[in-house]
Student: 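Below is a structure I'd like to ask you about.
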Amino acid sequence: MKRNSNKPIKLTEVCLRDGSHVVRHQFTEEQVRAVVRGLEDAGMHYIEVAHGDGLGGSTLQYGRSLVDEMKLIEAAVEESKNSKIAVLLIPGIGTVHELKQAREIGAQLVRVATHVTEANVSAQHISMARELGMEALGFLMMAHSAPVEKLVEQAKLMESYGAEAVYVTDSAGALLPNQVRERIKALRQSLDIEIGFHAHNNLSVAVANTLVAIEEGATRIDGSLRCLGAGAGNTQTEVLVPVLQRMGMDVGVDSYKLMDLAEEVIAPILPKAQEIGRGSIVMGYAGVYSSFLLHAERAGQRFGIDSRDILVELGKRKAVGGQEDMILDVAAELAKQKA
Ligand SMILES: CC[C@H](O)CC(=O)C(=O)O
Ligand SMILES: [Mn+2]
């Protein structure tokens, strides 16, 4: 595989953050400890731990966490030696207050996430993270929904604020391989910092898209064991690692240990096996935030509406993260129309 970056691939396991959506933010401390122990043993580079919507996400709107995320982060830090603990922060949901708290208890990296057209709201958090001595990376969500030039412009803003990498975040699992290629290529040509890629497997192309991203020079790569992430989950970590090995790229993570962890520890945590169900397919097709799936299913049941219709309408309205309340509005409107 040709790669146009000299930096090594760094993997971030996101099941303890993106997977929080799947378990409705009910991770226990024991589950977090067991997963982190296994990841540490396998040699995972970074492990992201937080509420699914990032620091400060435990609210009525996004779903209350069973256990305070700071307690979970602290537990993760205690269980890790070489793996670094990362957090996610969406400005407005999380604040610099939570960022400082996470840093004090040992988080070493933060991904500051904004909608793909709103990088400007990340300036304060990125520079604060750098001041706190953390790695600070930008995370441009819903990257399918903006033209490539816009994505580049917004990534450059994050670079100017001090971000050490910027992610193309395919929140809806809507990007196709050629669209990933053009985005990563354009960023590589315009930025001096590393490029990352975060996929969702809603259209079953997460591994393929990740390979394209790596081929174009992305070096920060996300995955979730057993696809424990919102929607149909992310790039499946224990699949990606052996695929890369077969391509001659050893990322220094033990694939057998990942497989064992997925099978023995993650599978029992899943409320049901992760699969590409009708809701996920429609999210990828309509370009809807993966974390909206469970909210839309609940709203569909409550209002007697097919949740796919809700998702398609949300896609048309270009709903963005943080607009979970719109899901109920749309369901109520569709129910009225139906009546
Ligand atoms: C709601 C935050 C979201 O889950 C962040 C993320 O992982 C994504 O946009 O894909
Ligand atoms: Mn995600």
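For this chain, numbers begin at 1 and follow the sequence in order. Order of appearance sets the numbers: ligands from 1, and atoms from 1 within every ligand. Every value quoted in this text rests on a predicted model; they were computed, and no experiment measured them.
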Student: Between ligand 1 and the protein, which N/O pairs fall short of 3.5 Å?
Tutor:
{"unit_1": "ligand 1", "atom_1": "4 (O)", "unit_2": "Arg17", "atom_2": "NH1", "d": "3.1"}
{"unit_1": "ligand 1", "atom_1": "4 (O)", "unit_2": "His21", "atom_2": "NE2", "d": "2.9"}
{"unit_1": "ligand 1", "atom_1": "7 (O)", "unit_2": "Arg17", "atom_2": "NH1", "d": "3.2"}
{"unit_1": "ligand 1", "atom_1": "7 (O)", "unit_2": "Arg17", "atom_2": "NH2", "d": "2.8"}
{"unit_1": "ligand 1", "atom_1": "7 (O)", "unit_2": "Asp18", "atom_2": "OD2", "d": "3.0"}
{"unit_1": "ligand 1", "atom_1": "7 (O)", "unit_2": "His198", "atom_2": "NE2", "d": "3.2"}
{"unit_1": "ligand 1", "atom_1": "9 (O)", "unit_2": "Ser171", "atom_2": "OG", "d": "2.7"}
{"unit_1": "ligand 1", "atom_1": "10 (O)", "unit_2": "His198", "atom_2": "NE2", "d": "3.2"}
{"unit_1": "ligand 1", "atom_1": "10 (O)", "unit_2": "His200", "atom_2": "NE2", "d": "3.1"}

Student: Tyr62: which residues meet the ring pair (Phe, Tyr, Trp, His ring centres under 6.0 Å) condition with it, sequence neighbours left out?
Tutor: none
Student: Checking His295 now: which residues fulfil ring pair (Phe, Tyr, Trp, His ring centres under 6.0 Å) with it, not counting sequence neighbours?
Tutor: none
Student: For the residue pair Gln31 and Glu29, confirm or rule out a side-chain donor-acceptor distance under 3.5 Å.
Tutor: no
Student: Has Thr237 got a side-chain atom pairing as donor or acceptor with Ser224's backbone, closer than 3.5 angstrom?
Tutor: yes
Student: So Ile221 and Thr12, side-chain contact (heavy atoms from CB on, under 4.5 Å) or not? Walk me through it.
Tutor: CA-CA 6 Å; Ile221 298 297; Thr12 300; over 6 Å; no
Student: Would you mind telling me which of Thr210, Asn201, Asn209, Asp170 makes a side-chain hydrogen bond (donor to acceptor under 3.5 Å, both in side chains) with Thr235?
Tutor: Thr210
Student: I'd like to know if the side chain of Asp222 pairs up with that of Asn234 as donor and acceptor (distance under 3.5 Å, no hydrogens or angles considered).
Tutor: no
Student: Taking all non-hydrogen atoms of both residues into account, name the closest pair between Met283 and Tyr289 and its distance.
Tutor: SD-O, 3.6 Å
Student: Using a cut-off of 2.8 Å, how many protein N, O or S atoms lie below it in distance from the Mn ion (ligand 2)?
Tutor: 3
Student: Quick one: does Leu225's side chain get under 4.5 Å of Gln236's, heavy atoms only?
Tutor: no
